[in-house]
Amino acid sequence: MQHFVWGILLFPLAGFVLNTLLTRLDNRAVSLIGPGSVLLAFICAGVTFAWLQGQSEATRHFNEVAWHWAVAGNFSLDFGLWLDPLSSTMTLMITGVGFLILLYSVGYMAGEDGYRRFFSQMDLFIFTMLLVVLADNYIWLLVGWAGVGLTSYLLIGFYYLRPSAVAAARKAFVMNVIGDWGIMVAIFIMYVTFGTTRYLGVFAQAHTLPVDGRVATALALFLLVGAVAKSAQLPLYTWLPDAMEGPTPVSALIHAATMVTAGVYLIARSYPIYEQSPFSLHVVALIGGIGALYAATMGLTNNDIKRVLAFSTMSQIAYMFAGVGVAVYSAGIFHLIEHAFFKALLFMGAGAVMHAMQDELNIQRMGGLRDKLPFVYWTFLIGVLAIIGTPLFSGFFSKEDVITSAYGRAVGGDAVGWIVWILLVLTAGLTALYMFRLFFVVFHGQPRDRELYDHAHGPSLPMKVPMAVLAVLSVIGGYLAFPGAYNLMESWLHAVFVLFPHGGPVIAPQPFSWVSLIATLLLTAIGVLVAWQVYYKRSPAPDRVSAAMPAVYNLVAHRYYVDEIYDALFVTPVKWGGRMLLRFFEADVVDGVVDGSAWLLRRFSGYARRIQTGYVRNYALGILFGAVLIMGYYVLGGR
Amino acid sequence: MATATNALGFPLVSIILWLPVAAGLVCWLINDPRTVRMIAVAAALIDLLLALFLLVKFELPGAGTAGWTFQFADRHAWISTIGVSYWVGVDGVSIILVALASLMMSVAILAATFMIADRQRLFLILMLFLETAILGVFVSINLFLFFVFWEAMLIPSYFLLGVWGEERRVYATMKFVIYTVLGSFLMLVGIFYLWSQTGTLDMAGPHGLVANPVSQGAQNWLFLAFGLAFAIKTPLFPFHAWAPTAYTESPLPFLIALAGILSKAGAFGFVRYSLPLFPSASHSWQALVSILAIIGLLYAAVLALVQTDIKKIVAYASISHMNLIVLGIFTLNATGLDGAVLQMVNHSIIISGLFLAVAYIFARTGTRFLNGMGGLGERWPWLMWLFFVFVLAGLDLPGLGSFAGEILIFLGVFAENAWFAVIGALVVILAAWYMIRFFQNTMNGPVAVSADEVAVLAEAPGRTPYQYPVLRRLIPGDLLPGEIALFVPLILLIIYIGIQPYTLTQRINPTMQPVTTLVNRGSLPGFGGGR
């Protein structure tokens, strides 16, 4: 049964290969292969999940080595798969939500050019994402990691003739490669420190590292570079809002449910390393806490329906970072799963709205869509209620799990815990405000563009079915845990986090706290009420609120000018430096030594000029000159 | 000590070596262009098949038989008074480079059959001569024989670049030849000095050069004399000034040989000669060469980022990657060296594919400059997607062959010096940037020239697909079957090596282990030492 793990990987790969190579397939066959292969992978994931359930906690994992990858010097690596409750949970989510989104795409992408290309690339994405969570070593994790970056690039730039999509794709790709660099350096450190990059070898030895020592901290922080780049966290998040240039199902699958949460998976997976570096965990938790609030403020001022959702994604992933950052890994993963449900649902709703409104993205041209799109209205409302953490909706349980954990850390005497907890609670209020702002502006009030409103039409059946399923999951998906009563997620994942020894401080799941719960709910309620007052009743009108403090509003609305700052700090200097090097060094020095020596010789050596052109020997002189310099270096004390 | 054996009892290496020249001579006697093409292609492909046969028959040393062995060796006396013999054979590194060279020369000769129209027969003959010279560099076990082949590479190259090159070919040829000749002149002096010290120029055997190293002081100077020749050929920063010009002006089939294989001769020289013959000097120069290589790989990457001529983008990308290979070699540990040799294979495949793509684009647009392009993928999707695979391999995407080489190199570097690896690895960000820029600015974005305009251009006289001196029409449509046929084997190799580099490293590693044992002392304290 455990060998079904290969099916999880191979079916989406087969789907990609078939949809890529069979160029004559008609759209019906494509729409069968695309989602169908992911459905088969989901079934395999279910089978392996059942197998894991049957194992005792000590043996609840499965490692299979397939082939030698490389042997070089004292380095050797095999390709193998690693299955445990963590990767099993991830595969179920990826293939399950992935299948629903691909099904939705059958309706959403109908009639688009590049239909086959879309499904082939989506299947490739699912394959690489599954590779990330199933690899048994960091090098193959990096292969999957870069693979999801590649498919993300391809799908953001799906409309590859549109300049904005091309620029967004390039930005996402390059920023993700910065993360790849971080993981590469972490791999170097592992190899030199532990002599291996396999999870088994690394995690078995990790506890021997001194707590907060140089190696443990460097490892944890370089892995974190990879995690923040992939998960669009501070400071490498600026690609995510632009990534909304891709088709909406892409945003739902890659830039909400799966790929962007890979950073959380990476940190949870690497827990034996992070346990050795409480300092790094503090950094993770702070990135989470600050990022949550920071992203929420940008969500509040944006008028693009998908970009608001993108900022909310960044904010919610920041919650997950906070969860793993306070070392309650199961809380981070729990929120990851619930977020996949309700955020995919919200993006599907946004896609349905765009379909109805002829691809309009600006929420200020929408309004009153409640009457036109009742199905979308109700499912979107469920998504909104889930994300803001309305009691008894799914987001409530997982978000409560994260916030309670931070609170437990705080009352345990950790100053960073207090900071993170306060930020998370504030963000809960802000989340309610900006999500209901979006909801009221889009679905309530008067239609602001009559033309668009009159032509609005509801989604087709292949779009409705996945939305309905996700709506149900967004309501009931959270009952894996109930504050103060039980936490199935924690007990299921427990086997993962006790498998390897770790010498660092062990943080048990935090007990339920009324203080934290009431504070969160209070702020959420305030957020909803403010949204109701400003965006539903419109007294005071939204314009007047933003006009009250124009400087702050402008700063936030321009996303704190971070894009511009990064351009000025990194992009422009590199390009300018390249041009200067080309103009002055490459042309004048490297070439110049050669060509210039010709000139010198002609100038000073009339005799030589008379016997020959001087050309050949001048080059020789140039090279000799270089050689003499190096010999000089050696003679004068270089060793 | 290095030893040589021949389990075949049959001089197959010599046959592989001389077959192209023989075919070239036959072509000289024949006038019919079709027959000449057939013979040239057949000779290249037969050579490839024989090389693959050798690769399969190559015996992997068992666990206990560690040692540097040359297999399928073939030896004849030549000028014994100065220690010169005709001695050829392959070790785990050169067998792979022989297979690689015969593959890339097959691709180049096939490309020449439809890319070169002017004096095609002569072009093919020169390419065949060039193939023998390159193969000779890889299979020689005698230093003088090596030098003869090393110099012999230059003669066909001179004509191939000087006659069939693009507009500034004379300038480019001059620069190329002078750089190369100067490098090899110093090497020749070094070779005679070695002979005067040891009385032999054979590499292997109990009286060979490997078994009898010269004094430490002499090593330092000899390292320079040899190293300069290799550094120029590779090209290592800052000896690369000839390369961008020569690459840009080369006719495409010759460019595959030049960037794909001739550059490997330089890197191979470091691995085969500099390290084993001058072990203590290699250590003395390790830090300096590594720093030059790191500067070079970042420097060339930044320059690739600001080029507007697509042939120059690939030229600088090539230089950047070659500097990475030198960095790997000068880790002086087996991991880095294995990675460097593996990366030689990847680099050949990728750079040839990218230059082919440049030629395909030029044959369709009549320009090499980015400002005349954009949205080409809309009209020519096959070109876009096949080209894209090489772009990904060129930015060392994990999962493709070049990543395997790159990660091994950096693992080796990190074990020697953590900062070198951390800084050097930043090149992946630059590579992603310039490669994606290259791809997007040609294939994506708004369409720069409409289909109607292309049709007009295609009909205009004076436009040239593929080659400067010949006037022909542009190709209006997507990739031709012949063009795809050149791409596909390269793409399959890129994917295969990515999934299982073990096929290559299991041959490379048993050769590099004894070489590193020759070179090595205990390794420097790396990052792990500072726990």
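Below, chain A is the first sequence line, B the second, and so on; all start at residue 1.
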From CG (A/Leu581) to CG (B/Leu298), nearest 0.5 Å: 11.0 Å
For chain B, the option from A/Leu161, A/Val174, A/Val166, A/Ile178 that forms the most heavy-atom pairs under 4.5 Å: A/Leu161
4.5 Å side-chain heavy-atom contact, B/Gln307 and A/Leu582: yes
B/Val306 vs A/Trp576 side-chain heavy atoms within contact, under 4.5 Å: no
Result of checking A/Ile183, A/Ile139, A/Leu142 against B/Pro398 for side-chain contact (heavy atoms from CB on, under 4.5 Å): A/Leu142
A/Leu154 side, atom CG; B/Leu392 side, atom CG - distance, nearest 0.5 Å: 7.5 Å
Spatial distance of atom CG (B/Leu303) from atom CZ (A/Phe585) [nearest 0.5 Å]: 9.5 Å
Side-chain donor or acceptor of A/Trp140 paired with backbone N/O of B/Gly399 under 3.5 Å: no
Check: B/Trp433 side chain, A/Arg170 main-chain N or O, donor-acceptor pair, under 3.5 Å: no
Any donor-acceptor N/O pair, A/Trp69 side chain to B/Ala404 backbone, under 3.5 Å: no
Close side-chain approach of A/Leu150 and B/Phe388, heavy atoms under 4.5 Å: yes
Qualifying residue for side-chain contact (heavy atoms from CB on, under 4.5 Å) with A/Val177, from B/Val428, B/Leu430, B/Asp396: B/Val428
Heavy-atom side-chain proximity of A/Phe173 to B/Gln440 below 4.5 angstrom: no
